[in-house]
Every structure is written in structure tokens, then in C-alpha cells.
Amino acid sequence: MSGRKETVLDLAKFVDKGVQVKLTGGRQVTGTLKGYDQLLNLVLDEAIEFLRDPDDPLKTTDQTRRLGLIVCRGTAVMLVSPTDGTDEIANPFIQPDGA
């Protein structure tokens, strides 16, 4: 094995496109991917953070805050997904209150 690190992800197809990034600690941001490196450090432009619910830190709310141009450190990145072609659906595993 060579000493050079390579990422499993091919992020080149997402450059200049909208991505959603989930970070360790529960933070979630969306923005336009402007660049990345082999350590998965990401540069996002026009980034927006989805704020978490103060009562349940695992849930995000509809409240957002604009961050602008940011760098997401590769060690904190858990998930990178395109924003185009994804829709949020209701959780099919939640039981109704009467059940």
C-alpha cells in the first residue's frame, strides 16, 4: 500500500453543486461544494446551518442561520449527500399514538 491517502468518495462530481453535510456532534449544513482534499476537508459556499432543537439535540428545527463561506474539517464529516434529487419523507417506523 502506498503512503498516499485516497478517499473512498469521488466528490469531483459534486463540485459547484449543492450538498448536505452532517458533522459529528449533530450539526448539519447545506451549501455549494467549492473544493475538497484527500482528508475530506470541505469548502462550502453560501452555507446554511440547520439549528437543533434545544429540548432534543438530536433533532433539527426549521430555523437556520447563514454561515457564508466555511471549511468543514474532514475528521468531523460523517455524511455528504447531494441536495438535488433528495426529498424528506415521513418516518414509516413511527407508531401512531393510539397503537
Participant: Might you point out which heavy atoms bring Leu44 and Leu33 nearest each other, and give the distance in Å?
Facilitator: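 Heavy atoms of Leu44 and Leu33 come nearest at CD2-CA, 3.8 Å.
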Participant: Taking all heavy atoms of Leu67 and all of Ile70, pick out the closest pair and write down the distance.
Facilitator: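 Reported closest heavy-atom pair: CB-CG2, 3.7 Å.
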Participant: Return the minimal non-hydrogen interatomic distance between Asn41 and Gly74, and the atom names on each side.
Facilitator: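 Closest heavy-atom pair between Asn41 and Gly74: OD1-N, 2.6 Å.
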Participant: Under the side-chain contact (heavy atoms from CB on, under 4.5 Å) test against Glu49, which residue among Gln28, Gln63, Arg65, Arg66 passes?
Facilitator: Arg65
Participant: Which distance, rounded to the nearest 0.5 Å, do you find between the OG1 of Thr64 and the CG of Leu51?
Facilitator: 7.0 Å
Participant: What pairs of donor and acceptor atoms, side-chain ones from residues 16-24 against any protein atom, are under 3.5 angstrom apart with sequence neighbours left out?
Facilitator:
from: Asp16; atom 1: OD1; to: Lys34; atom 2: NZ; distance (Å): 3.1

Participant: Of the non-hydrogen atoms in Tyr36 and Ala12, which two are nearest, and what is the gap between them?
Facilitator: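 Smallest interatomic distance, heavy atoms only, reads OH-N, 3.3 Å.
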Participant: What is the distance from atom CD1 of Ile48 to atom OG1 of Thr30, rounded to the nearest 0.5 Å?
Facilitator: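 Taking CD1 in Ile48 and OG1 in Thr30, the distance rounds to 5.0 Å.
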Participant: Hey, quick one: are Met78 and Val71 part of the same hydrophobic cluster, counting side-chain heavy atoms closer than 4.5 Å, chains of contacts allowed?
Facilitator: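 Looking at the clustering, Val71 is in a separate group from Met78.
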Participant: Working to the nearest 0.5 Å, report the span between CG of Asp55 and OG1 of Thr61.
Facilitator: 11.0 Å
Participant: How about Asp62: does its CG atom have over 12 heavy atoms from other parts shown lying under 6.0 Å from it?
Facilitator: no
